[in-house]
Amino acid sequence: MKLLVVEDDPETSAYLVNGLQEEGHLVDHATEGRDGLFMALNNIYDVMIIDRMLPVLDGLSMVRAARAAGNKTPVLFLSTMGGIDDRVTGLDAGGDDYLVKPFAFAELLARVNALGRRPALTEVVTHLRVGDLQMDLFKRRVTRQGREIDLQHREFRLLEYLMRNAGRVVTRTMLLEAVWDFRFDPQTTVVETHISRLRAKIDRGFDHELIRTIRGAGYSLGE
Amino acid sequence: MNLLRSHGFRLALLYLALFGTSVLVIFAVIYWATAGYMAETLDLSVDTELSSLADIDKSSGRAALIAAIRDRARVPAGRSTYELLLDPLGGKLAGTLPTRPPRIGWQDLPLPKNEEGAEEGDMMRARGLLLPDGSFLLVGQSAFQLRETREVMVRAFGWGMLVTVVLGLIGGVLMSAGMLRRVDSIRRTAQEIMAGNLAQRIPTRGTRDDLDLLAGSLNEMLDRIHALMEGMRQVSSDIAHDLRTPLTRLRQRPELVGGRATTVGEYQALVDTVLRDVDEILKTFAAMLRIAEIEAGTARIRFVEVDLSTILRSIVELYTALAEDQRQSLVGRVEHGITVRGDRELLTQMFVNLVENALRHTPAGTRIELTAELAAGHPVCIVADSGPGIPPAERAKVFRRFYRLDASRATAGSGLGLSLVAAIAGLHHVIVDLTDNKPGLCVTLRFPATGKHEA
């Protein structure tokens, strides 16, 4: 993917740019909001990663300006820790996702990947398929190798999210947000519990596992 | 502060100037109207006299005119009309005025000095008329009354103005002195606070006037600032005391393990541990900042109507599986349609912390209940468990930052979970009670009556 990183702190931006390049992304970098806006409007990016606090033009204003100019590139905001209302204002300004510093790189990567291949809103999907696992969103039926799997409401949504993001890493907080609409960092293994229950239903008794645990990051569904 | 430079006094002066100007304008209008009217009356009276004498001359002849003029001159003192009749050659025929060259029309002439009350320089208003035979008739009337009236008016106005200015100045001084005293007391308080006496407050009189209300608001603001500063102080001392341990550990581990490690695997393990330690510290840090920010209360401006029932149901649903895996049970009894004004994310965090606390600090077999109902319009939520509970003496302390019961020191956690609960509850005006569940702990959260509380 082609990414734009707008971050003024040299250490953080080096950390971001190097990390993302190692993952095979093409990364452009700007150190202040006005340059960032200029680059955003003159290039086509898959995702923009923008710090809230930037010199010359702050991140919020930069995204507002880009949105006003018709730019629809997904934006991931970065903000300093503690901020409790930053998320709302960030999303209001036209951001698509939000991450509070300090963050684990795996979390950032997972979110950037999720944003980058976000399907267009107009696209209506009725069937999802990953390997021998099939999901009928219309009839709310899940089958693997033709065998029907009975899932509860949340389990269905959990699997749906994993399938929509098949092949990509999704983190625990991403799952909490997508499936339960909660935004907090659990101090317990609550997400793991749900994943292991889902695993018991879709992986137990089959020759290979579809849900894989990615150490230090989250989970990934794939063959 | 200098009285004459005070705002109140300047205001009084400005008002005085404005008032004085309007008085001046009113006087000018009255003066011109009155004086003009009197001058007109005078002219009219001169005219009437002149034409009546001219009529006598015309109808009864010159002798009658001379007789009439002499007649009029005999009227005793106090009269103010003067006549002069000259023959065509300029000789005086009759009249009380001295002979003078004939001039036709309106004129202002010096007044003969025989009139009572008249002064040097007083004038009379006169009109000269040429009679058909070429003789000259002049009639004049003293204008000294007009002059006197004008003087009286100017004098009266002058005094009035003087009194106004003096009263205005006295009023201004009194008013601004009172104001100044109270402003001075505010200023003195501010200076004392700046000097370090943070407990100082502005004295109020209890009169509930504007300055009193201002002083009250300032005092409330000072209280708030004081509380915020206390919070800051608390946070910094917390950081000093409670981050030292993990930071020390962070430093010691690489030193100890790093000295012994020889393989890549051992170093890798060390890096992982260090990363975990740092993450813990950062998490604690973020939690402290979050608490401080919540306690600052600014989040209230973003409060919206939040569906508490749905949040609580979701929490129960989310954690039931975990409870089952730990051989505990989580039961939710949540009434439908309970809404409160608040911040959805923070309220979620508050209940999650309570439920996670119960799940983490109680043994297998514990039953945890989350109930929510409306009691007389107040949403009341209870998180109760049948675990070991908290001794009564410790209950008040668990909301303190980093406070941990001895029994739970071994379990992971920053010791900030309940502080965060207390901060969020405070932000939402929720009263939190810890009671004995016999056995176990019962946390009761009483929300303010729905729809009635504003931030």
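Order of the sequence lines fixes the chain letters, A, B, ..., with proteins taken first and strands second; residue numbering starts at 1 for each chain. We use all heavy atoms of the structure for the numbers below, so side chains are in, but hydrogens, waters and symmetry mates are not.
- Using a 4.5 Å cut-off between heavy atoms, B:Leu318 contacts chain A through both its backbone and its side chain.
- With a 4.5 angstrom heavy-atom cutoff, A:Arg183 touches chain B via backbone and side-chain atoms both.
- Salt bridge B:Glu324/A:Arg197: present, at least one basic N to carboxylate O contact under 4.0 Å.
- For B:Arg276, no part lies under 4.5 angstrom from a heavy atom of chain A.
- Ranked by heavy-atom pairs under 4.5 Å with chain A, the list B:Ile315, B:Asn353, B:Ile311 is led by B:Ile315.
- Using non-hydrogen atoms only and a strict 4.5 Å limit, no part of residues 363-370 of chain B faces chain A.
- Residue B:Gly342 comes nearest to B:Val306 through the heavy atom pair O-CG2, 3.3 Å, listed as atom of the first residue, atom of the second, then distance.
- A salt bridge does not link A:Lys101 with A:Asp9: every distance from a Lys NZ or Arg NE/NH1/NH2 to an Asp or Glu carboxylate oxygen is 4.0 Å or more.
- The number of heavy-atom neighbours closer than 6.0 Å to CD of A:Glu148, taken from other residues, nucleotides and ligands shown, is above 12.
- A 6.0 Å sphere centred on NE2 of B:His336 holds no more than 12 heavy atoms belonging to other residues, nucleotides or ligands.
- Residue B:Ser314 touches chain A through both its backbone and its side chain, counting heavy-atom pairs closer than 4.5 Å.
- With respect to B:Asp385 and B:Arg360, no salt bridge is recorded, no charged nitrogen being found less than 4.0 Å from a carboxylate O.
- When A:Val179, A:Val191, A:Asp181 are compared by the number of non-hydrogen pairs under 4.5 Å with chain B, A:Asp181 comes out ahead.
- Interface residue B:Asp272: only side-chain heavy atoms are found under 4.5 Å from chain A.
- Salt bridge absent: B:Arg290 and B:Glu293 never bring a charged side-chain N and a carboxylate O closer than 4.0 Å.
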Quick one, A:Arg172 with A:Asp185, criterion salt bridge (Lys or Arg N to Asp or Glu O under 4.0 Å). Give me CA distance, side-chain angles, the key distance, then yes/no. CA-CA 9 Å; A:Arg172 280 182 285 275; A:Asp185 191 12; over 6 Å; no
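- With respect to the salt-bridge test (charged N to carboxylate O, under 4.0 angstrom), the residues A:Arg164 and A:Glu160 qualify.
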